[in-house]
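Here is the structure we will look at, set down as structure tokens.
Order of listing sets the numbers, starting from 1, for every ligand and every atom in it.
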Amino acid sequence: MCRHLAYLGVPVSPAEVLVEPPYGLYRQSWSPRMQRHGTVNADGFGLGWYAEGDPQPARYRRAVPIWADENLADLARVIRTPALLAAVRSATAGTAAGEAAAAPYTGDGWLFSHNGAVGGWPAAAGELAALLAPADLLTLEARCDSALVWALLRRRLRAGQEVGDALAATVGEIAAAVAEQRQVARLNLLVTDGHVIAATTWGDTLFHRLELGRSVLVASEPGDDGPGWTPVPDRSVLLATPEAVTVRPLTTAAPRVNTTGAPRVNTTAAPREDRIR
Ligand code: GLN
């Protein structure tokens with residue numbers, strides 16, 4: 001499955017975060033060290049980033065392997081950004097090829113990536129698709145399980161759910177629907193609005209590295225062998241800023257989404273929170 005990462009903090013070039021680390025996302029496209037499913041991530045890649053003062057991100061995505069792109073080196077060197085999210089893709093069988101299916105997906109100021117698969121897609125996903133309004137279905141970014149996952153998450157964010165709760169509820173909802181079809185979903189989700197990084201672990205690896213007050217990195221696997229990388233337990237929800245990282249167990253109860261706009265009472269917040277500084 002794919003590898004992804006998100007960064008928040010002092011402005012950096014994407015090259016510093018993606019390309020220069022010896023085992024960084026660039027190298028993870030052909031030689032990931034911890035990937036649990038699949039071998040290489042050569043079915044495209046994407047970078048999304050925020051310019052300071054602009055809440056809408058920019059994206060650069062291609063369908064080619066990241067190492068085959070002629071333009072990324074220059075872009076990655078000259079861009080400066082306080083917030084980015086990037087992914088290298090190993091396409092799930094039956095999904096579309098092409099840059100429209102390469103993460104990050106976007107909308108409402110968010111950047112989103114999915115490391116995993118909705119088992120049995122598309123046949124097993126009918127019940128999930130039925131949760132979406134026709135307009136959401138018709139504007140899916142790609143014919144890809146991850147586009148459906150993003151649309152389900154976005155529906156909750158638009159209804160006013162807090163991002164960690166929306167992520168937990170989305171994972172619970174998808175995992176339950178797919179299990180009913182005797183399939184398995186892997187749902188490592190990663191999202192940012194340029195101010196907070198939120199992520200789930202549900203079937204694959206995830207790490208964070210906090211330099212307190214300076215930066216935070218959340219990545220499928222460490223980009224180097226240096227100190228500070230902290231593994232996130234499977235089935236967790238993570239929230240990260242340069243000030244703090246919180247990780248809590250992901251419970252699977254999925255509250256119904258209230259599409260009239262008012263946030264519902266949160267039933268997915270786990271009682272215990274680990275605050276890591
Ligand atoms: N299912 C997603 C896709 O096809 C993500 C795949 C992955 O994690 N490798 O792009």
_Checking contacts here: is it the side chain or the backbone of C144 that comes within 4.0 Å of ligand 1, counting heavy atoms only? Could be both or neither._
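For C144, the contact with ligand 1 is made by the side chain alone.
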Which of the numbered atoms in ligand 1 are under 4.0 angstrom from any heavy atom belonging to [X]?
{"X": "C2", "answer": "5 (C), 6 (C), 7 (C), 8 (O), 9 (N)"}
{"X": "H114", "answer": "5 (C), 8 (O)"}
{"X": "N115", "answer": "8 (O)"}
{"X": "A91", "answer": "4 (O)"}
{"X": "R89", "answer": "3 (C), 4 (O), 10 (O)"}
{"X": "D145", "answer": "1 (N), 2 (C), 3 (C), 4 (O)"}
{"X": "T92", "answer": "1 (N), 2 (C), 3 (C), 4 (O), 6 (C)"}
{"X": "S146", "answer": "1 (N), 2 (C), 3 (C), 5 (C)"}

*Please state whether the rings of Y105 and F112 are parallel, tilted or perpendicular, taking 30° and 60° as the class boundaries.*
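Y105 and F112: tilted rings.
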*Quick check: does any side chain N or O of S29 sit under 3.5 Å from a backbone N or O of P65, one acting as donor and the other as acceptor?*
no
*Begin from the C-alpha positions of L239 and E162 and carry the test side chain to side chain contact (heavy atoms under 4.5 Å, CB included) through to its verdict.*
CA-CA 11 Å; L239 294 175; E162 182 275 327; 3.7 Å; yes
_Tell me which one of L72, V19, I79 satisfies side-chain contact (heavy atoms from CB on, under 4.5 Å) with P14._
I79
*same_hphob_cluster(Y26, M34) at 4.5 Å side-chain heavy-atom cutoff*: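 Yes; tracing contacts between hydrophobic side chains, which count when under 4.5 Å, links both residues.
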_Between ligand 1 and G116, can you find any atom pair, the residue atom being a heavy atom, that is separated by under 4.0 Å?_
yes
*Start with the C-alpha distance between R61 and T106, add both sets of side-chain angles, then the distance that settles side-chain hydrogen bond (donor to acceptor under 3.5 Å, both in side chains), and finish with yes or no.*
CA-CA 12 Å; R61 299 180 297 160; T106 194; over 6 Å; no
*Judging by distance only, is a nitrogen or oxygen of N41 under 3.5 angstrom from one on ligand 1?*
no
*Using distance alone, decide if ligand 1 has a nitrogen or oxygen within less than 3.5 Å of any nitrogen or oxygen in A117.*
no
*In this structure, which one of Q35, E221, R3 forms a side-chain hydrogen bond (donor to acceptor under 3.5 Å, both in side chains) with T205?*
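Answer to the side-chain hydrogen bond (donor to acceptor under 3.5 Å, both in side chains) test with T205 among Q35, E221, R3: R3.
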*Counting only heavy atoms not in E70, do more than 12 sit closer than 6.0 Å to its CD atom?*
no
